[in-house]
Structures are given as C-alpha cells and as structure tokens.
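Inspection log for the structure reproduced underneath, given as structure tokens.
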Amino acid sequence: MLVEAVVSFAVERLGDLLIQEARFLNGVSDEVKKMKNELKRMQCFLRDAERKQDESETIKNWISEIRKLAYDAEDVIEIYAIKAAFGINVGTKNPFYRSKNLHKVGSEIISINSRITDLTRSLQTYGLTATRDNGNSRFAFEMQRQLRWSYSHIVEEFIVGLDEDIGKVVGWLLNQDQQCRVVYICGMGGLGKTTLAKSIYHYNAIRRHFEGFAWAYISQQCKKRDVWEGILLKLTSPSKEERDEIMKMRDEELAKKLYKVQQEKKCLIILDDIWSNDDWDILSPAFPLENTRSKIVFTSRNKGISLHVDSKGLLHEPSCLNAEDSWVLFQKKAFPRKYDPEFSIFDDFERLGKEMVAKCAGLPLAIIVLGGLLATKDTVGEWETIHRYISSYLIGGEINERRRLAEVLDLSYQDLPGELKPCFLYLSQFPEDSEIPKNKLIQLWVAEGVVSSQYEIERDETMEDLAESYLGNLISRCMVQVGQMGSTGRIKTCRLHDLMRDLCLSKAKKEHFLYIIGGSQQNNTIDVASSSYPSERQSGEVRRLAVFLDQHVHQLIPRNEQMNQYLRSLVFFHDKKCRVENWEPIKGIFKNFILLRILDLEGIKGLKGQSLPKEVGNLLFLKFLSLKRTRIQTLPASLGNLENLQSLNLQTINKVSWDSTVEIPNVIWKLTQLRHLYLPNWCGNVANNLKLENLTNLQTLVNFPASKCDVKDLLKLKKLRKLVLNDPRHFQKFSESLSHPNKRLNCLQSLSLRTDMLSFPDNVVDVEKLVGGCPSLHKLQVEGRVERLPEAPLFPPQLSKLTLWGCRLVEDPMVTLGKLPNLKFLSGWEMFVGEKMVCSQNGFPQLKVLILRGLPNLVEWTIENQAMSSLHRLSISDCNKLKTVPDGLKFVASLQELEIRWMPKSFKTRLGTAGEDYHKVQHSSNRSLCFRR
C-alpha cells in the first residue's frame, strides 16, 4: 500500500503547511483545506484499489495518477510558500502582483481538487469499496503487535541442519597433514553459505587452533584496498600509531605486509561472497597459498572460482535442507514461543505450515523469510490466505529453486503494512553489503516523513521510537539483517541480504520510489537508473536521488542529467578518498532543488578552509543536512533560514587536526525544530558565543561547545537523550549544575564527558551529582579525576555501560560497581591506582565485557565465587605489576574471548598451553594474546 502511504503523507504535509506557513498561504488556505479533505476522502478507496490493481490496467493507471496527484498537491503549495518567503515572483510589496499570484496558485489548487474529485468518482463508479480505519484502530493494533516483538536486543542466527557440513569443513581446516590451504563453500543464493561460514569462524576448536582471524565481505563491489586494510587491521590489532601507518601505505607495501603476516602467524581468513575470478586476481597479491600455515575460506555462487584460485583446494557444496530440518528451522521463526513450556502448536497451524514449508524447496533463506512473515499472523484464516498465495504461485515440480525463493521474498514485501513499505524501499539506495547506521537511518526516515508526526502528538513517545519499532518489525520479518551490535546488545547497524536487496531495488524502480546515478549499483542484477528515468523525472515523478561519486569530482550531478526542481531527497555515496576541488558545484543544488528535505554530503572532502555557499539558505524545507567529514570550515549566516531542520551533522574528521574547528555563526538558535545536532570538535565563532538554550526539541547534542555556551543552559533542553561534552575545563561546572533536586535531565540516556586532548584531564568530576541529575542513564562515560564513586543504590538502576578513564580512584571501584544489577559493559583505563582489586561473590551478574587498561599498581586481583557469571569478553592491557589472571576466572564458564595486550613476557609464559596458569583460561574459545614489545 505504498500509494496509500504517499497520500497519507501528503495529507499530513498539507496540514503542517497550513499551520507552519499560514503567513504565506493567507488567501488560499480554504482551498488547501479542501484539497486536504479531498485527499483524505480518496484514501478511503485506496486500500481496495491497491488490492485489485493486478486485476485491471485501468485501476493500475488510477493508482499511478493518485500518486501524481498527491505529489502535485505538495509541490504547488511548497513552491508557492518558498517563493512567498523570498518574495520571488510573488510581488509581496506590490498588492497587484500579490493578488495576481494568489489567483494563479488558487487556480492550480482548484484544478488539482477537480482532478481528485473526478478520480474519486471514477473509483466509486468502478465499484471499489471505501474502507475507513475507524480512529486509526488498524494502526494502533499494528503498533501493539510490533511492540510485542522482541526486536533488537538479542538476535541469533538460526542454525539447523548444518552439523554435518560444519564438521566436514572444520575437519579440513584443522587437518595438519593435509596440504589444503583453501576451502570453497559454493552454491546458489539463499542456500546458507554465509551462515555456514560464520558457524565455522566462531567454532571453538577453530578459535583455539588459529592465531589470527579476519572476515571480509567482497560482493560485487570488490575494492582491494578496503579488503586488504580491513584484514590486516583484524590480524594485527595495531595501536593507533600503527593503524595510521597502515592507512598511509602504498598498495604494494600494504599487500606485502599482509602477505608476510599470514606467513608469520597461523591465520584464518574468510572471503565472503566473492563473485568472479577477476576479483581474486585483484586481491591475490596479498595472499600466500604456499609456505604458510594460514588458510582461506571462500563463499561464492561461482563454483568455477575453485579451479581458478587453487585446484588443490577443497570444495564443499551445501545441500538444501531435508523436510525435517526445514520444519525445525521454520518453527524457530514462525513460533518464537515454541520453547515456552506452556506453548503448543495447534494442528491447523502445523498442517498449513508444513505444506507451505514444502514449497520452499529446502532453501534456508526462503524458509526463514516465510517464518518471519507468518510470525506476524495470529489466526488460522491469515495462514490460509498466505497458503493460497503460495500454492497458486509455487505449484508443480517444474518451477526451479530460484523462482520459489523469489516468490517467497516477493510475498514478504506484499504483506508489509503500508507504513513499512517506504521504510523498506528506502534501503535500496545504500551500497551492496554496506553497514547502514541505525541512528542515521532513523533520522532519515523521520525527516522524509515516512513516520507520522501525529504519533508523537498522540503518544508519550517520539517519532524516533516509532521508527525504531519499524526497523524492529523489518528485522523480525527477516527482511533486514542485523549488522553490528553495540557493547550492551543494542543494534548499531543493519544490512540487506543481497537477494533481499535485489528485491528492494526492483520494487523501488517499479514504484518510481528512488533513482540511482552512477557507481557499480548499475550491475547485472538490476539496472536502477533505467532508460525510463529522464521522462519520469521530467514529469515530477523523481522524489529521491542517490548519486555515486568517484574519487575525483568535478560535478556533483553529471552534466547530462537534467535538473528536477521537485526532488525531495539527495544522498551521495562515494569512494572514501572522494575529493572536490571547490564547493562551487553545490550552488546549483541549492538553487535548483529548493524543495529538498534530505541533503547528505557526508565524507565528500573539499580543500582546506573552504566555506559552505550562502545559497544553502534557499532550502527552507530542508530537514536533514549532513556535512560530516567534509572539511568545510566556515558556515554562512543564511543557515539560520533552515527553520524546518531536524538533523544537522557538522562533525569533523579527526579529534585534533587543522580541520577540527568550524566557524559557526550565531544562528543555530533559530533552528527550533532541531532534534539531532552534531557539532564539530571545536566551534569557532566571531561573537564568541553560541545560543542553544531554546532548542527545546533536541534529543541529541554531540560536542556541546562549553567555551561558547553556558553549561547551565543544558538544563533547559528537557528532551535530551544523548549528550557529549568534550571540553574537560567545564566538566565540574556541568556536574555542579545538577546539584539542585529540581535541576535534572530526566530523559537523558547517554552522557559522555570525554576529552579530545592527548592525555586525561586532572579536573575532578563529581559522579554522584551526575547520576543524581540524570536518573534515566543507560550509558555513562567519564574521563578525568574522580575522588570517589557514589554508593551503588545512587546509580540509575538501568545503567548498562560505564566507561571510566583517567579516574585514578584510590579505593577499589569493584566493590561498588559489582552491585550494579544491569551493568553489561565496563571499561577502565587508569581507573584505579591501588594494589588490590576484588570482584565480590555474586557481583557483576549481567557483566558481559570487562576491559582493564593501564592499572599501574595492580598486583593482586581476586574473583570470588559466582562473580561475573555472564562474562563473555575480558581484555587486560598495560597492567605491568599483575602477575597472573585470578584463580576464579576458571569458574567463569561463559568466558569466550580473552585478550592480553602489552603485558610482560612472564604473563604470556604462565598463560601459554604449557604454562602453570593455562588451566584458568583453557575454557575460553578465543584467546587472542598480544604482548608488549
């Protein structure tokens, strides 16, 4: 119901314009209200029309016309409002011209209203049924169901029927006598090759056998430099200085170093989703296949690669699941409560489920997606509807496996609620295999309007909350995969399986949702920027454009591409070395795309000291602007015109560099709709002050410029959820401002007091006042001196991540911190200057990650019975007086990763396989030992 979502947004947008731009719409507001009501009336017929569009070409054409009407309604009002704001061709100072232009826009609105009325009448005549939501009951029900789903915190990859495959490949990799250096896992898309490779990569015996591990996604966009750098960084765990050195290497030097590391260490490297022989030829100079104990595992759809790379390698071709394993896998997705003792599967569900699973031909991806789809269906009737669809499309044995998979994926899209379809299609613009940042995606969705602002008015939650539940819904349906997880189990990034991305691209093209110019996106799978693009763009169909740039950019949009004033979203993707000589070409964007809501220029680097053109102030309806890592160092005062801006990202490249300071005029205070503000590391300002206190809608404020503002003003930002201060001179003043019981930031969930300096500050921070004034904290980072920690009951009970750097506590902090009930991540760097540390009995019940760095005086560390019972990862670094790990560590059965870095040689000897302390850590499946030189 994508068109229904388009019309719904148009209705909401017209309502917003009537409120926000009333001063410009005086004289035509009655006609705008009528247009809004006519569109709402049309919505009643849309659901039935979209259901029946495949039955009739006439209805399909009507659907297309409805979409265009909704777009035209937005366009005519927004263009008039912008012209009125700037007095362009409107004659605001001349009553005659003003009257003439009001009459003109009024006539255009009347014409659109007439077209809507005629089309609605046609829909009625054709026998389509008007359906209503009755007070958004469907939406409310959908929301309740979404919120029941377990979304993001724990995501497991369901592994069924792979035991034999895993055992076979693991045996090959562990066999010392076999001269095999390469293993190939080959098969069609959706067969579970990557799942199998991941299982092997994390297999306990594999983690004990190899000394270094690296995983690289290759895909259709094989970039050797990115692949080589990523693998080398994972194999060597370099310091910051060594990392910088690697980044500066020439390609030949980089390949030589990576080659040498694989000869010196016993490494396992996974090259996932490699498409062609040419890709391997590009990558091969960095990978030895002889005179090495290291091994490589390929996953590929191309079986021929096994003969091209090394004919002595071993080939494994996973088979489709049998009926029994297919049913087990399906149950895990379709019945998430299956392992609840009180849960049982009714006979009708089991019968229908087994019949549908049989149609999936044993393809794991098809089974998982089908299970995710049916997990959203609560009644037998809903299952029977899906069953009829599957039976009609996937009948007979003549249809091949690829067709079956495609039909199941298509069904998953067709079943999406109308509000989720644009969210899914929006993902089509991101590059193949890219990790899509969750927070940025959510901000883009909100700015685009795919999340209703009405929700925020009616409920005590934000649009971002709703957008996050939308993402959770897509993940629960297995249409979107989880990428990187945060240290506390929250999603940081998401991604699309390449087959799901093909579906997404195909639907986006069919729905005229988004177009792509340039780059390797125009691959053999789907040509998004098709020959139909120019004519559709001329008719105003193109609302969103993604442009892929090369390293050297002379034109941000190619000259042969005609401009489209109706564009609403312009996002750039590029090589990370992308450069522009100057920002003059961007003036064309500011002048021609005046209706833009989204402009993402992140990472397009200019020359030193360049300014953003003042024409950016033309974009009155802009809601999302990212200049992150662009090296722009001066912003114009016209930035204050962007009164609708919701997200502004001005973050710089490095913490300490020539481009870490940006001159910002004192106009940010005008942007009262801002919800997310990311400032540069340091703000330069002619007036030496920056007013932010009236940005009362802010949820995110990164790099608060304490030297330009009063930290007490932060207390006026009552909706803040995330706050980062990076100037240690003002940490204490901020904590003091929270000392009064009525001075609190009740919504704040993440607080970072961090420094961009090269050493930890000496300023004392009062942690007790911080946690007292921020009672909802989930994450807290403090860099600087702390005289003492508050008692455990004074910490927010939901605190899950704590970072204490440079605190230099005299008293053992573990006594207090071990009592925090939900602490999952603890990182301490120069946290404690004492000699003895004790983790008490039953302490740290939820702790999963513990990082201890730079404890110069620590001699003795004790872990008592049942302490840290959930610990997954332990990292110890630069604790030079610590002789050995605690005896109690051998009882921490959950420990999977142990990292020892920059520790004395004697520490290594004791923990080695022949060492006296090996028994304490031998149960850890992944022991990464790195020692100080």
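The figures here come from the full heavy-atom set of this structure, side chains too, leaving out hydrogens, waters and symmetry mates.
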Out of curiosity, [X] [atom1] to [Y] [atom2], how far, rounded to the nearest 0.5 Å?
{"X": "Ile876", "Y": "Leu855", "atom1": "CD1", "atom2": "CG", "result": "9.5 Å"}
{"X": "Asn703", "Y": "Trp682", "atom1": "CG", "atom2": "CH2", "result": "8.5 Å"}
{"X": "Met868", "Y": "Lys848", "atom1": "CE", "atom2": "NZ", "result": "13.5 Å"}
{"X": "Leu895", "Y": "Lys920", "atom1": "CG", "atom2": "NZ", "result": "13.5 Å"}
{"X": "Thr661", "Y": "Asn681", "atom1": "OG1", "atom2": "CG", "result": "8.0 Å"}
{"X": "Cys774", "Y": "Leu799", "atom1": "SG", "atom2": "CG", "result": "11.0 Å"}

Is it true that, when you exclude Lys883 itself, more than 12 heavy atoms of the residues, nucleotides or ligands shown sit nearer than 6.0 Å to its NZ? no
Other residues, nucleotides, ligands: >12 heavy atoms within 6.0 Å of Glu835 CD: no
Quick one: does any side-chain atom of [X] pair with a main-chain N or O of [Y] as donor and acceptor, under 3.5 Å?
{"X": "Gln798", "Y": "Ser776", "answer": "yes"}
{"X": "Ser894", "Y": "Leu871", "answer": "yes"}
{"X": "Lys234", "Y": "Trp215", "answer": "yes"}
{"X": "Trp861", "Y": "Leu858", "answer": "no"}
{"X": "Thr816", "Y": "Pro813", "answer": "no"}
{"X": "Asn857", "Y": "Val833", "answer": "yes"}
{"X": "Thr493", "Y": "Gln484", "answer": "yes"}
{"X": "Asp727", "Y": "His730", "answer": "no"}
{"X": "Asn726", "Y": "Thr755", "answer": "no"}
{"X": "Arg477", "Y": "Ala375", "answer": "no"}

Less than 4.5 Å apart, side chain to side chain, heavy atoms only: is that true for [X] and [Y]?
{"X": "Trp669", "Y": "Leu692", "result": "no"}
{"X": "Thr803", "Y": "Leu826", "result": "no"}
{"X": "Lys628", "Y": "Tyr678", "result": "no"}
{"X": "Pro886", "Y": "Thr862", "result": "no"}
{"X": "Asp887", "Y": "Ile863", "result": "no"}
{"X": "Pro238", "Y": "Arg243", "result": "yes"}
{"X": "Asn880", "Y": "Phe907", "result": "no"}
{"X": "Glu643", "Y": "Thr672", "result": "no"}

Indicate yes or no: does [X] engage [Y] in a salt bridge with an N to O separation below 4.0 Å.
{"X": "Lys440", "Y": "Asp600", "answer": "yes"}
{"X": "Glu768", "Y": "Arg788", "answer": "yes"}
{"X": "Arg808", "Y": "Asp762", "answer": "yes"}
{"X": "Glu448", "Y": "Lys623", "answer": "no"}

Candidate pair Glu783 and Gln781, rule side-chain hydrogen bond (donor to acceptor under 3.5 Å, both in side chains), full reasoning: CA-CA 7 Å; Glu783 295 186 22; Gln781 177 175 353; 2.8 Å; yes
Does Ser647 form a side-chain hydrogen bond (donor to acceptor under 3.5 Å, both in side chains) with His676? I'd like the steps, not just the answer. CA-CA 5 Å; Ser647 297; His676 308 281; 4.7 Å; no
Could you pull out the closest heavy-atom pair between [X] and [Y], with the gap in Å?
{"X": "Lys836", "Y": "Val838", "result": "CE-CG2, 4.1 Å"}
{"X": "Arg675", "Y": "Thr462", "result": "NH2-CB, 4.1 Å"}
{"X": "Ser237", "Y": "Arg901", "result": "O-NH2, 2.8 Å"}

List the steps and the verdict of salt bridge (Lys or Arg N to Asp or Glu O under 4.0 Å) for Glu468 and Arg490. CA-CA 11 Å; Glu468 189 160 359; Arg490 302 277 301 182; 2.6 Å; yes
All side chain to side chain contact (heavy atoms under 4.5 Å, CB included) counterparts of Pro856, not counting sequence neighbours: none
Take Lys719 and Asn697 through the side-chain hydrogen bond (donor to acceptor under 3.5 Å, both in side chains) test and state the conclusion after the steps. CA-CA 6 Å; Lys719 295 182 181 179; Asn697 288 304; 3.2 Å; yes
For Glu464 and Gln699, run side-chain hydrogen bond (donor to acceptor under 3.5 Å, both in side chains): C-alpha distance rounded to whole Å, both residues' side-chain angles, the deciding distance at 0.1 Å, then the answer. CA-CA 10 Å; Glu464 287 80 2; Gln699 299 175 26; 3.0 Å; yes
Go through Lys712 and Glu693 one step at a time and tell me if the salt bridge (Lys or Arg N to Asp or Glu O under 4.0 Å) criterion holds. CA-CA 9 Å; Lys712 293 180 180 179; Glu693 67 269 18; over 6 Å; no
